[in-house]
Amino acid sequence: MTELAYLTVAEATRLIRARELSPVEYTEALLARIAALDPTYHAFITVTADAARADAKAAETEIARGNWRGPMHGIPYALKDIIDVAGLPTTCHSKLRIDHRATSDAAVVRRLRAAGAVMLGKLALHEFANGGPTNDLPWPAARNPWNIDLHPGGSSSGCGTAAAIGLAPATLGTDTGGSVRNPATCCGVIGMKPTYGAVSRAGVFPLAFSLDHVGPITRTVEDNAILFQAIAGHDPVDPGSARHTHGDCIAGLRAGVKGTRVGVIAHFYEQDLAADPEQVAGIEGAIAALRRLGADVKPVRVSPLERWMDCGRIIHYAEAYAIHERDLQERPQDFAPITLRRLLGGAFIPAAEYVKAQQLRRVLIEEYRAALRDVDVLITLSSYDLPCRIDDEAAITRTYERQCRMPFNVAGGPAVSVPTGFSKSGLPLAMQIAGRAFDEAGVYRVAHAYCEAAGWTERHPAIAQAARQPAMAK
Amino acid sequence: MSDDGKPKPETLRAIAEMRGLGRALAHAPASVIAAFERGRRIRSFPEGFSPLTDPANRFSADPEGNA
């Protein structure tokens, strides 16, 4: 029997539509799993059990009447607690927001309500999507599902943990310098940073306006595409929202990669900054697999990683400081020390440097477009290292520099993190697949072909000894 | 600046206070020092890059321009 905890969105949709699975039964099973496991994994800040039961019941009744709204109807999901849900606090995992109440839904929540999805609750993150795991906050830090002593990545840490350990099949995070793809990488799941402007950020607490994205984290590529399709689209309330729309991400998902031109940015991890050999072996195995599937793989060169990182970092720090300046001046003691250190970085960036970073960004965006004239997608590493200990702050700080996710926030194109295997110690490895602006469909197609062939997404973490419970079966 | 390129404590204090960060400096001096010392510059630009751009960075009130 398929375990409900690891049912994919695509499987659940089919069963729910055929009335072989009750959204109420599905939701209850996940709520029970959250109650049993979350005291160990700390993925959730708020569990909205009563509202989830009511939404699941409404979905079941509506579907029974023959009114199936689409693939998210009756599907449970959870979201990073930086996204507004009317009537609930948006804590941003911070003491500064402990008394907050959202008065309206974020645009993505409205879209998911309209799609009939069932919200399970709100997920842990790094404070204001910018700090790190710490015990200095009102809620504990989410744990890595493959080893609870390790960092699950961030800042959408609860999303990665919840998806990987089977607490929610669909989660929504945000990504300013890699915060969807980093937890996806560390937790062995799929994390998509869509094109800048493809998904509305209205009702999402900002980190850095010109780099912020909302993106899905799920266990399979198909599920990720389903969730992306449900949340994407123009929103006049978000000044960065684009009228240009993405293509159909589901229709061509299984078209394969025969003849697809894949450019590998290997200099990022071979020359610019040396990566852990196991991460490199993972991506090299994936490149070989893509070749076997019929892809035309060739090397691609862009600016050195350091230039992309500097450009993104200056913009990120300056914009984040602008948002938090008043609190940093008036109540610095209310931030966790790790957040304070990161946010204060923006206080000392000269205005001229921010202007030059934005000018450089235009040059780099053109370079990115040029690189994608001769190939259909780009691939490169995601993290340079394996997940480190959750209590090793120095190692966690290093992970912010030792990654190549920021280039895609700077360029704005879609980039997805997919697993490339496991280290000798049993930890997930990953790479990124990136594409042209609004070509999420092309990125998902390559990701799906690779993941289906590789099979890494079928492996799930063992439940930690501290959280053992009877297996939950359908 | 001192010989190692780092700011003298009194200089850093003055800069932090100018930015309204006196409380932060008193609460977490090491964090303020670390933030100041963290890279504040772009270390390399592409060949031919100049902050003199013509035309200058575009401003667009049209959300489509942000794509």
Side-chain angles (χ1 to χ4, degrees), chain A residues 195-198 210 234-236 238-244 303-304 306-307 309-311 313-314 317-318 321 325-326 328-335 337-350 352-353 355-364 366-367 397 401 412 437-438, chain B:
Chain A
T195 308
Y196 185 77
S210 73
H234 178 61
D235 176 14
D238 177 355
S241 178
R243 288 182 196 281
H244 192 121
S303 271
E306 174 187 274
R307 190 174 295 154
M309 296 293 286
D310 284 353
C311 178
R313 181 173 42 86
I314 296 284
Y317 284 4
Y321 184 75
E325 182 179 40
R326 191 169 183 173
L328 290 166
Q329 290 171 337
E330 295 180 357
R331 45 191 299 198
Q333 70 284 357
D334 288 337
F335 291 90
I338 191 170
T339 318
L340 195 62
R341 275 193 285 284
R342 286 179 60 72
L343 285 174
L344 283 171
F348 304 108
I349 291 170
E353 206 64 13
V355 171
K356 279 190 276 184
Q358 290 289 13
Q359 291 173 314
L360 174 60
R361 186 180 191 182
R362 289 191 65 201
V363 174
L364 293 175
E366 184 46 47
E367 197 179 297
T397 299
E401 291 298 318
F438 301 102
Chain B
M1 293 283 176
S2 56
D3 291 343
D4 61 1
K6 292 182 178 176
K8 291 178 179 171
E10 59 271 26
T11 308
L12 180 62
R13 177 171 297 280
I15 293 170
E17 283 177 356
M18 264 169 48
R19 283 161 172 72
L21 294 171
R23 281 187 197 176
L25 188 62
H27 169 69
S31 296
V32 178
I33 293 166
F36 186 84
E37 288 176 355
R38 192 174 294 142
R40 296 175 299 129
R41 303 275 178 196
I42 297 167
R43 288 165 285 186
S44 79
F45 289 94
E47 201 173 328
F49 175 86
S50 165
L52 274 174
T53 59
D54 184 18
N57 254 1
R58 182 172 60 127
F59 171 78
S60 172
D62 175 4
E64 261 187 297
N66 286 305

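Every chain is numbered from 1 and lettered A, B, ... according to where its sequence line falls, protein lines coming before strand lines.
- For B:F49, the part lying under 4.5 angstrom from a heavy atom of chain A is the side chain only.
- Shortest non-hydrogen contact noted between B:R19 and A:Q329 is O-NE2, 2.8 Å.
- Looking at residues two or more places apart in sequence or on another chain, you find no ring-ring contact (aromatic ring centres under 6.0 Å, His included) involving A:Y321.
- Distance SG/A:C311 to CZ/B:F45: 8.5 Å, rounded to 0.5 Å.
- Inter-residue side-chain proximity for B:L25 and A:P332 is flagged as unmet; no heavy-atom pair is nearer than 4.5 Å.
- Closest heavy-atom contact between A:A357 and B:I42: CA-CD1, 3.6 Å.
- The two residues B:A24 and A:L328 come nearest to each other via the heavy atoms CB-O, 4.0 Å.
- Atom CZ of residue B:R41 and atom CD1 of residue A:I314 lie 8.5 Å apart, to the nearest 0.5 angstrom.
- The pair A:E330-B:R23 does not count as a salt bridge, with every side-chain nitrogen at least 4.0 angstrom from each carboxylate oxygen.
- Atom CZ of B:R43 sits in a crowded spot, with more than 12 heavy atoms from other residues, nucleotides or ligands closer than 6.0 Å.
- The residue among A:L344, A:V363, A:I338, A:L364 with the most heavy atom pairs within less than 4.5 Å of chain B is A:L344.
- Shown here for A:K356 and B:P51, the closest heavy-atom pair between the two residues is CG-CB, 4.0 Å.
- Residues A:L360 and B:P46 share a closest heavy-atom pair of CD1-CD, 3.4 Å.
- Using a 4.5 Å cut-off on side-chain heavy atoms (C-beta onward), B:S50 and A:Q359 make no contact.
- Of all heavy-atom pairs spanning B:A35 and A:G345, the tightest one is CB-N, 3.6 Å.
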